[in-house]
Amino acid sequence: MHTLPHPAGTEDYELVPFQFTEELSSKNVFVRLPEPFSPLERMLLQASGNLQRLVSAYYNVPSRVEIIYNDVVSTNGTSAAVDRQYNRKTRIYFADKMVIEADSILYVKDPTVLELIEKHKYGLGQIFGHTKRSPDFMLLAVGRHGTQPGSSFWRDYSLRIPDVLDCFIRETFIAGLFDASFEADPADTQGKIWVNYQ
């Protein structure tokens, strides 16, 4: 399985093996997450295709995706119209507030999705909505910059629709996401990364 490199500046962070196992039964759906995250943060960490909708509801404003880059990676000499790889960076705003920065690696296998990415510059949430198919979600890692509640945090995960699109994504959430009065302690340079060991 493909994984993203750890975020820059996290070389000294503590790595904690963690099993993000989904419990799914006829009466229960549950994904256990590390305790140092608040209830609202845990909701975002396990959102699977509805993150923009959740954060938009929290702030009660529309979202806007800004694509910073959407670069085609060399396809090893193949001239296939599909089976392309993209490295992509986006920022998601709610009103005028930048809240989430996302780095993605996309493997596109479907010509319609390829057009949505290249021609129309769709965000991933809009692409999955357009396909009318729910992607398979797998949480790969979560982390926090610093040790204070409210510090910036991130998640690495994959979204897959077989034979259509494979995505490996890191979303980084701003410090004070749910607390406008949050002030980071500049001396708090520790951090932690919980890595899925499945």
Side-chain angles (χ1 to χ4, degrees), residues 1-10 13-63 65 90-95 97-105 123-126 128-129 134-160 167-185 188-198:
M1 165 164 303
H2 183 85
T3 58
L4 298 164
H6 295 306
T10 63
Y13 284 17
E14 179 183 357
L15 288 177
V16 179
F18 197 87
Q19 190 169 4
F20 303 106
T21 303
E22 181 175 47
E23 296 175 20
L24 182 61
S25 71
S26 63
K27 298 178 182 178
N28 183 31
V29 175
F30 176 69
V31 177
R32 187 172 67 97
L33 294 169
E35 289 299 322
F37 295 94
S38 75
L40 286 172
E41 290 170 341
R42 288 194 301 268
M43 285 176 53
L44 298 186
L45 289 173
Q46 64 178 314
S48 59
N50 59 350
L51 178 68
Q52 282 179 257
R53 186 180 306 264
L54 290 173
V55 179
S56 186
Y58 177 81
Y59 286 111
N60 202 28
V61 296
S63 64
V65 176
T90 60
R91 292 189 181 119
I92 304 174
Y93 292 81
F94 296 87
K97 183 176 184 171
M98 197 284 290
V99 174
I100 305 162
E101 189 167 85
D103 295 289
S104 310
I105 299 170
L124 286 179
Q126 289 78 10
F128 288 118
S134 295
D136 295 327
F137 170 81
M138 178 181 241
L139 194 58
L140 304 171
V142 299
R144 182 179 295 285
H145 297 293
T147 58
Q148 296 174 270
S151 297
S152 174
F153 63 101
W154 74 92
R155 67 178 184 161
D156 292 354
Y157 63 99
S158 65
L159 292 174
R160 293 180 167 184
C167 307
F168 299 92
I169 303 159
R170 169 170 299 126
E171 289 168 336
T172 304
F173 301 88
I174 62 166
L177 176 64
F178 299 117
D179 181 2
S181 64
F182 174 81
E183 291 187 31
D185 178 358
D188 187 9
T189 59
Q190 298 177 358
K192 196 176 277 191
I193 303 171
W194 292 264
V195 180
N196 195 351
Y197 65 83
Q198 269 186 339

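Basis for what follows: all heavy atoms, side chains included, without hydrogens, waters or symmetry-related copies. This chain uses plain numbering: 1 for the first residue, then up along the sequence.
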Asks: Can you check side chain to side chain contact (heavy atoms under 4.5 Å, CB included) on Ser152 and Thr172, steps first, answer last?
Replies: CA-CA 7 Å; Ser152 174; Thr172 304; 3.7 Å; yes
Asks: Please enumerate all residues that pass salt bridge (charged side-chain N to carboxylate O under 4.0 Å, His left out) together with Glu101, with sequence neighbours excluded.
Replies: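 If we apply the salt bridge (charged side-chain N to carboxylate O under 4.0 Å, His left out) test to Glu101, skipping adjacent residues, the hits are Lys89, Arg91.
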Asks: So, do Gln190 and His145 sit near enough that their side-chain heavy atoms are less than 4.5 Å apart?
Replies: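 No, their side chains stay 4.5 Å or more apart.
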Asks: Is any side-chain heavy atom of Ser158 closer than 4.5 Å to a side-chain heavy atom of Phe137?
Replies: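 Not touching, per the 4.5 Å side-chain cut-off.
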Asks: So, do Leu44 and Leu177 sit near enough that their side-chain heavy atoms are less than 4.5 Å apart?
Replies: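 A side-chain contact exists here, since the closest heavy-atom pair is under 4.5 Å.
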Asks: How long is the gap from CE on Met43 to OH on Tyr58, to the nearest 0.5 Å?
Replies: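 Separation between the atoms: 11.0 Å.
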Asks: If you look at every heavy atom in Val61 and Ala95, which pair is closest and at what distance?
Replies: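 Looks like CG2-N, 3.5 Å.
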Asks: Would you check if Leu51 and Ile100 make a side-chain contact, meaning some heavy-atom pair closer than 4.5 Å?
Replies: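 With C-beta onward as the side chain, the pair touches.
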Asks: Contact between Pro7 and Trp154 at the side-chain level, heavy atoms closer than 4.5 Å - yes or no?
Replies: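 Pro7 vs Trp154: side chains touch.
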Asks: Counting only N and O atoms by type, is there a donor-acceptor contact under 3.5 Å from the side chain of Ser104 to the main-chain atoms of Ile169?
Replies: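 No: the side chain of Ser104 does not pair with the backbone of Ile169.
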Asks: Taking Pro36's backbone N and O only, do any of them form a donor-acceptor pair with Arg42's side chain (distance below 3.5 Å, no angle check)?
Replies: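 No, Arg42 side chain to Pro36 backbone: no donor-acceptor pair under 3.5 Å.
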Asks: Could you walk me through whether Phe168 and Asp156 pass the side chain to side chain contact (heavy atoms under 4.5 Å, CB included) test, one step at a time?
Replies: CA-CA 7 Å; Phe168 299 92; Asp156 292 354; over 6 Å; no
Asks: Can any side-chain N or O of Asp185 pair as donor or acceptor with the backbone N or O of Gln148 at less than 3.5 Å?
Replies: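 Absent.
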Asks: Who passes side chain to side chain contact (heavy atoms under 4.5 Å, CB included) against Glu14, sequence neighbours left out?
Replies: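 Result, side chain to side chain contact (heavy atoms under 4.5 Å, CB included) vs Glu14: Val16, Lys192.
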Asks: Are any side-chain N or O atoms of Ser63 and backbone N or O atoms of Gln52, one a donor and one an acceptor, separated by less than 3.5 Å?
Replies: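 Not a single qualifying donor-acceptor pair exists.
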Asks: Mind listing the closest non-hydrogen atom pair of Leu33 and Phe18 along with its distance?
Replies: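 Minimum heavy-atom separation between Leu33 and Phe18: C-CZ, 3.7 Å.
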Asks: Can you see whether Tyr157 engages Glu171 through a side-chain donor-acceptor pair at a distance of less than 3.5 angstrom?
Replies: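 Yes.
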Asks: Aromatic contact between Tyr13 and His6, with the criterion being ring centroids under 6.0 Å apart: yes or no?
Replies: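 Ring-ring flag for Tyr13/His6: false, centres at least 6.0 Å apart.
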Asks: Answer whether the closest heavy-atom distance between the side chains of Phe182 and Ser151 falls below 4.5 Å.
Replies: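 Yes, at least one pair of side-chain atoms sits under 4.5 Å.
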Asks: Grab the two heavy atoms, one from Phe178 and one from Glu41, that are nearest each other, plus how far apart they are.
Replies: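 Taking Phe178 first and Glu41 second, the nearest heavy atoms are CE1-N, 3.9 Å.
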Asks: Show your reasoning for whether side chain to side chain contact (heavy atoms under 4.5 Å, CB included) applies to Tyr93 and Val99.
Replies: CA-CA 6 Å; Tyr93 292 81; Val99 174; over 6 Å; no
Asks: Going from CD1 on Ile92 to CD1 on Ile174, what distance comes out if it is rounded to the nearest 0.5 angstrom?
Replies: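 Here the rounded value is 12.0 Å.
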Asks: What's the verdict on side chain to side chain contact (heavy atoms under 4.5 Å, CB included) for Ser38 and Phe153, showing C-alpha distance, side-chain angles and the deciding distance?
Replies: CA-CA 11 Å; Ser38 75; Phe153 63 101; over 6 Å; no
Asks: Has Asn196 got a side-chain atom pairing as donor or acceptor with Gln19's backbone, closer than 3.5 angstrom?
Replies: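 Between the backbone of Gln19 and the side chain of Asn196 there is no qualifying donor-acceptor contact (under 3.5 Å).
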Asks: Would you mind reporting whether Phe20 and Trp194 have side-chain heavy atoms less than 4.5 Å apart?
Replies: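 Side chain of Trp194 against side chain of Phe20, heavy atoms only: contact under 4.5 Å found.
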Asks: Could you check if a side-chain atom of Leu140 sits within less than 4.5 angstrom of a side-chain atom of Val195, using non-hydrogen atoms only?
Replies: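 In short, these two side chains do not touch, never coming nearer than 4.5 Å.
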